[in-house]
2 protein chains.
Amino acid sequence: MSATNQVFIAVIGVGGVGKCFLNQLRALAARKPSPKLSLCYISNSRKAVYSPDYAPIDFPTAIETLASSAQAPPALAQLIDYLAAAPAKAVLVDNTSSQDVADAYPLALSRGVSVVTPNKKAFSGSYKLWQDVFAAAASSGAKVFHESTVGAGLPVISTIKDLVETGDRVTKIEGVFSGTMSFLFNSFAPTEGQGGKWSDEVKKAKALGYTEPDPRDDLNGLDVARKLTILARLAGLPVESPTSFPVQSLIPKELESCSSGDEFLEKLSAFDQQMDDLKAEADKNGKVVRFVGSIDVATQQIRVGLEQFDRSHPIAALKGSDNIISFRTERYSNSPLIIQGSGAGGDVTAMGVTGDLVKLVAQIA
Amino acid sequence: MSATNQVFIAVIGVGGVGKCFLNQLRALAARKPSPKLSLCYISNSRKAVYSPDYAPIDFPTAIETLASSAQAPPALAQLIDYLAAAPAKAVLVDNTSSQDVADAYPLALSRGVSVVTPNKKAFSGSYKLWQDVFAAAASSGAKVFHESTVGAGLPVISTIKDLVETGDRVTKIEGVFSGTMSFLFNSFAPTEGQGGKWSDEVKKAKALGYTEPDPRDDLNGLDVARKLTILARLAGLPVESPTSFPVQSLIPKELESCSSGDEFLEKLSAFDQQMDDLKAEADKNGKVVRFVGSIDVATQQIRVGLEQFDRSHPIAALKGSDNIISFRTERYSNSPLIIQGSGAGGDVTAMGVTGDLVKLVAQIA
């Protein structure tokens with residue numbers, strides 16, 4: 001237990017998730033006065049707020065303070081120096097999706113700075129970075145928590161960790177891991193009724209804010225591949241990278257080179273027939289098509305792509321933009337352990353981050 | 001962090017769950033040499049093994065050592081003295097379902113001894129005991145973990161705690177909370193096919209070891225009422241006791257006074273027509289009947305009993321003896337957060353206990 005019973009928190013990234021996180025953090029700090037959570041750094045890509053004496057930045061006005069700051073963010077190595085020298089334990093909360101920030105986790109952890117993040121990059125990139133992250137944490141005793149890297153605030157990472165830590169063996173993981181893909185297929189190929197044209201559903205999803213600015217960043221399957229990489233590694237498979245197993249892209253070859261998401265969306269309707277054919281083929285089997293990921297631990301097979309499911313299957317029956325993740329293990333062998341619910345959105349993603357911070361603080365403060 | 005980086009563990013109860021827990025603990029201690037988990041006490045209702053110098057009891061042979069012990073278990077107050085005086089942090093693992101042991105948690109916690117348990121009694125009994133438990137923990141800094149009190153190893157308690165701690169508001173909890181009731185209704189009123197006679201299904205469940213020795217201890221609904229009491233309290237409702245809200249018993253009035261479970265089972269078939277009528281009534285509505293519990297936080301209404309569900313509803317579609325627990329909250333308002341899977345059995349129940357111990361040790365060692 002640190003002498004001051006205080007934890008210093010540095011927040012990088014104040015986008016959708018970052019803003020929700022700051023709101024939750026503020027409520028948390030008000031409710032749980034001890035240990036004292038002290039915001040000593042906040043930054044976006046252009047600005048930062050911090051001071052040599054680690055003066056606490058007021059939670060309620062942190063965003064405004066940042067907006068009016070004249071300081072530029074320091075280099076990451078410099079930020080880590082700053083946090084490692086703090087007069088009590090420090091936590092880096094990375095609410096970005098930046099590879100550069102992820103690459104700095106091993107340095108931060110090796111210097112005793114813990115990391116909490118929804119950023120998938122460090123856990124789903126090269127296997128070497130994964131190893132470096134956990135080796136650095138093991139050597140210094142600093143902790144790294146990343147619940148929101150899969151299924152947002154759903155208890156997915158904590159569950160697979162509990163299974164493995166208590167000696168269970170995961171045999172199969174399967175599910176719908178993308179809120180965007182979930183929404184698209186639940187609307188395009190509903191279990192009841194006809195569903196819309198594929199290109200219309202993609203446009204609708206974008207209008208609702210369910211896709212990345214360029215929808216191809218969802219349709220290429222890489223986001224799902226990253227999540228499966230993380231889960232497979234936690235289940236014990238040394239997956240080299242998210243491109244080291246088959247990933248089906250839903251971007252027609254001809255549209256890969258479109259210069260913008262808008263151009264892509266304009267031209268997508270020309271490929272509606274292809275998607276209708278897939279839907280009709282599934283329908284002929286009494287099934288519906290869904291975009292899923294699966295990991296077979298024994299055969300080390302990981303797959304991401306379209307599969308057909310009975311209409312009564314939990315994966316087919318999913319609603320809205322929900323995720324569903326099913327674990328089969330030695331203990332959960334007759335029927336799987338299933339976790340289901342909203343897997344995207346600022347508040348539920350931030351909840352995973354805030355929950356991680358609560359657990360981390362209980363361990364280090 | 002304790003000077004010795006050691007945690008002393010006392011285990012009360014070596015029945016089905018206790019044996020599985022000891023196996024998991026042994027594997028865990030072998031895999032994670034630091035912090036050193038040291039078994040310093042083990043007992044069943046008649047015997048105990050412990051020594052004044054806290055000499056470690058060998059994990060692999062602990063059960064045999066206990067069987068050949070000539071020591072009687074000490075009084076609980078004396079056991080707590082022993083643990084409070086240990087040269088490092090101590091944890092009491094209560095694998096019994098004893099009210100007496102549960103009543104001793106406040107004393108243990110106030111003396112700095114943490115508690116890990118699947119025993120529901122302390123959390124689902126009087127509201128005063130609940131308050132005493134958490135007040136004692138708060139005052140001393142000792143911790144109390146009880147994941148397996150609801151849904152066995154399924155991450156139910158940790159999830160509702162995460163939701164509440166991060167500032168979410170639970171609005172409704174609903175589900176199938178009893179593996180026994182799940183099995184009975186999935187067989188008696190399956191979504192497809194006819195299902196068996198009620199009394200035959202109860203006999204089959206008992207033969208499979210899915211019921212208590214006297215099946216009335218499952219059919220009276222009290223086990224489900226206890227689980228709902230725990231969840232309701234964690235959601236913020238000051239529930240007085242598990243009998244302070246309506247609980248439907250499936251024991252016919254005329255059979256309440258049977259002197260044994262066997263006599264009850266013999267006479268139960270005379271009441272099959274009543275259950276068939278319930279099934280037929282649901283069928284007329286295109287539904288099936290299930291034994292569920294629900295908590296409406298806003299109206300403070302808690303109910304346990306039979307309800308009808310569409311055949312496509314996740315509660316109707318449950319398999320085997322699975323539990324399903326659905327949380328609606330402010331954040332998970334469009335669709336609920338759902339956790340589903342096996343909710344009974346030695347290994348999955350012990351997993352919740354072992355998982356709690358891992359988390360506890362990370363906090364106190």
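Letters go in sequence order (proteins before strands), and every chain restarts at 1. Not measured: the values here are computed from a predicted model. Just so it is clear, the values below take in all heavy atoms, side chains as well, and ignore hydrogens, waters and symmetry mates.
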**Q** Answer yes or no: are there more than 12 heavy-atom neighbours, outside A:Arg169 itself, under 6.0 Å from its atom CZ?
**A** no

**Q** Given heavy-atom pairs under 4.5 angstrom as the criterion, report whether the side chain, backbone, both or neither of A:Val164 touches chain B.
**A** backbone

**Q** Would you call A:Tyr332 and A:Arg328 a side-chain contact if the rule is heavy atoms closer than 4.5 Å?
**A**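 Counting from C-beta outward, A:Tyr332 and A:Arg328 never come under 4.5 Å.
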
**Q** Find out whether B:Glu147 and B:Val156 are in side-chain contact, i.e. whether some heavy atom of one side chain is under 4.5 Å from a heavy atom of the other.
**A** yes

**Q** Can you tell which part of A:Ala362 gets under 4.5 Å to a heavy atom of chain B, answering side chain, backbone, both or neither?
**A**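 Both backbone and side chain.
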
**Q** Heavy atoms only, distances under 4.5 angstrom: which of A:Asn334, A:Thr191, A:Thr166, A:Asn323 has the most pairs with chain B? Name it, please.
**A** A:Thr166

**Q** Against chain A, label B:Leu163 side chain, backbone, both or neither, depending on which of its atoms sit under 4.5 Å from a heavy atom there.
**A**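 Answer is both: backbone and side chain atoms of B:Leu163 are under 4.5 Å from chain A.
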
**Q** With heavy-atom distances below 4.5 Å as the criterion, would you say the side chains of B:Val297 and B:Ile173 are in contact?
**A** no

**Q** Name the region of B:Val361, side chain, backbone, both or neither, that has any atom closer than 4.5 Å to a heavy atom of chain A.
**A** neither

**Q** Parallel, tilted or perpendicular: which one describes the rings of B:Tyr210 and B:Phe183, with boundaries at 30° and 60°?
**A** perpendicular

**Q** Is it the backbone or the side chain of B:Ser312 that comes under 4.5 Å from a heavy atom of chain A, or both, or neither?
**A**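 For B:Ser312, no heavy atom lies under 4.5 Å from chain A.
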
**Q** Relative to chain A, which segment of B:Arg31 carries a heavy atom at a distance below 4.5 Å: side chain, backbone, both, or neither?
**A** side chain

**Q** Considering only heavy atoms from C-beta outward, does the side chain of B:Val353 approach that of B:Val93 to under 4.5 Å?
**A** yes

**Q** At a heavy-atom distance under 4.5 Å, which candidate from A:Ser342, A:Gly320, A:Gly167 has the highest pair count against chain B?
**A** A:Ser342

**Q** Does any heavy atom of chain A fall under 4.5 Å from the side chain of B:Leu154, the backbone, both, or neither of them?
**A** both

**Q** Do the side chain of B:Lys172 and the main chain of B:Val170 share a donor and acceptor less than 3.5 angstrom apart?
**A**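 Pair absent, no side-chain N/O of B:Lys172 close to backbone of B:Val170.
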
